[in-house]
There are 2 protein chains.
Amino acid sequence: MTQKINLTLQRKAILDVIQQSDDHPSAADIIERLRLRGFNFAYGTVYNSLRYLTEVELIRELKLNESVSRYDARIEEHQHIVCKNCGKVEEIMIELPKAWIDEIVKQTRYQISDPHIVMEGMCEACSSGK
Amino acid sequence: MTQKINLTLQRKAILDVIQQSDDHPSAADIIERLRLRGFNFAYGTVYNSLRYLTEVELIRELKLNESVSRYDARIEEHQHIVCKNCGKVEEIMIELPKAWIDEIVKQTRYQISDPHIVMEGMCEACSSGK
DNA sequence: TTTCTTGCAAAACATTTGCAAATCG
DNA sequence: CGATTTGCAAATGTTTTGCAAGAAA
């Protein structure tokens, strides 16, 4: 079921910002970066667009143990690790052990198509500092 | 550094509710269950207590890709899988592959003391239904 | 015209905070 | 007494929603 993707001016501008960010911007970050580029979209529009872009899978919504959602245009499979202390996020590009996933599927009976994992740890700076 | 744990009436009642729940109640769930037991604590108190109990590690705060925090009194290491569709949460009691964790530590330089993973999938009911 | 999208403001929701009163040691 | 905790209400911050106007098909 291939769907037609309707990229309005607003959606395209928002997608551009996310694709050109190498951190994981929140909605507020995105709005700020849009302003720098001369766009002043309504909050509602930005949130609507983010939901749309997530639905058509051009971006991924990350809930990284914070109160805000962050957005990521990297759609290849990868995971994230968040620092418990300062919140810094790193990408984990290491492939998940297939045997482990299989075991989870067998035990929980959940289907896992695109494994999406958020891991917690303590980043180098924070763990050396204390 | 062992700390003295100060369990006031309110904190104890809240801890009891969480320990006696086998789902993962949110703050609102907890307040509701407290009411059923005849307790009417202020919102602020419940949130303060939850933060305190988390700090002294009697409970764990779970951020399961939702807008609310959930709380879990099982402190043994275990992971969670959330259904993308209906939000149902299951525990994963399968041990994490040590080699994988080691690889992550090596690559990201994050210290991982108590791995805490949130996985996404589609539960049996939701995946058979569509 | 019919449908989808935007802009704006208000609403909703979870959580935090300030402060005075109560409790504990 | 001094420190901590509670209760309450107000504030905060993020996201959603209702609705009218605008754009696209």
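The sequence lines fix the lettering, A, B, ..., with proteins before strands; numbering per chain opens at 1. These numbers come from a predicted model, not from an experiment.
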Does B:S67 or B:G44 map to a spot on DNA chain C nearer the 5' end, using the closest nucleotide for each?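 Its nucleotide being nearer the 5' end, the pick is B:S67.
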
In whole angstrom, give the distance that lies between atom CG of A:L53 and atom P of C:dT6.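 It works out to 10 Å between those atoms.
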
Answer yes or no: does a side-chain N or O of B:N6 lie under 4.0 Å from OP1 or OP2 of D:dT5?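 Affirmative; the distance criterion is met.
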
Rounded to whole Å, how long is the line connecting atom OH of A:Y43 with atom C1' of D:dG13?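 Going from OH in A:Y43 over to C1' in D:dG13 covers 9 Å.
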
Single hit among B:Q19, B:E61, B:H80 for side-chain contact (heavy atoms from CB on, under 4.5 Å) with B:D72: B:H80

Is the phosphate of D:dT15 approached by A:Y47 (side-chain N or O, under 4.0 Å from OP1 or OP2)?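 Yes, within the criterion.
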
Euclidean distance, atom NZ of residue B:K63 to atom P of C:dT15 [Å, nearest integer]: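 The distance from NZ of B:K63 to P of C:dT15 comes to 8 Å, rounded to the nearest Å.
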
d(CZ, A:R11; P, C:dC4) in whole Å: 11 Å

Closest approach to the side chain of A:A42, judged atom by atom: which nucleotide of C:dT17, C:dG7, D:dT15 is it?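 Nearest to the side chain of A:A42 among the choices is C:dG7.
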
What is the nucleic acid contact for A:A27, judged by heavy atoms within less than 4.0 Å: base, sugar-phosphate only, or nothing? sugar-phosphate

Whole-Å distance, B:D29 CG to C:dC13 C1', equals 14 Å

Let's see if you can work this out: which of C:dT17, D:dT15, C:dT5 has an atom nearest to the side-chain heavy atoms of B:R51?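 Minimum distance to the B:R51 side chain belongs to C:dT17.
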
Whole Å only: how far is the CD1 atom of A:I30 from the C1' atom of D:dT14? 13 Å

Just checking A:T45: base, sugar-phosphate only, or nothing, at a heavy-atom cut-off of under 4.0 Å? base

Would A:S26 and A:D29 count as having a side-chain donor-acceptor pair, cut-off 3.5 Å?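 Distance-only check passes for A:S26 and A:D29.
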
Mind checking B:S69 for me? I need base, sugar-phosphate or nothing, with any heavy atom below 4.0 Å counting as a touch. sugar-phosphate

So, A:D16 and A:K12, do they make that salt bridge, N to O below 4.0 Å?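 Salt bridge: yes.
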
N or O in side chain of A:Q10 less than 4.0 angstrom from C:dG7 OP1/OP2: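 For A:Q10, the contact criterion (side-chain N or O under 4.0 Å from OP1 or OP2 of C:dG7) is met.
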
Anything under 30° is parallel, anything over 60° is perpendicular, the rest tilted; go ahead and classify B:F39 against B:F41.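 B:F39 vs B:F41 ring planes: tilted.
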
Does a side-chain N or O of B:T8 approach OP1 or OP2 of D:dT6 to a distance below 4.0 Å, or not? yes

Counting side-chain heavy atoms from C-beta on, which of D:dT17, D:dT6, D:dT15 comes nearest to A:N48?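 When the side chain of A:N48 is considered, D:dT17 is the closest of D:dT17, D:dT6, D:dT15.
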
Please answer whether the main-chain N or O of B:N6 pairs with a side-chain N or O of B:R11 as donor and acceptor at a distance below 3.5 Å. yes

Let me know the distance between CG of A:L9 and P of D:dA24, rounded to the nearest Å. 10 Å

Please state how far atom NZ in B:K4 lies from atom C1' in D:dA3, giving the value in whole angstrom units. 14 Å

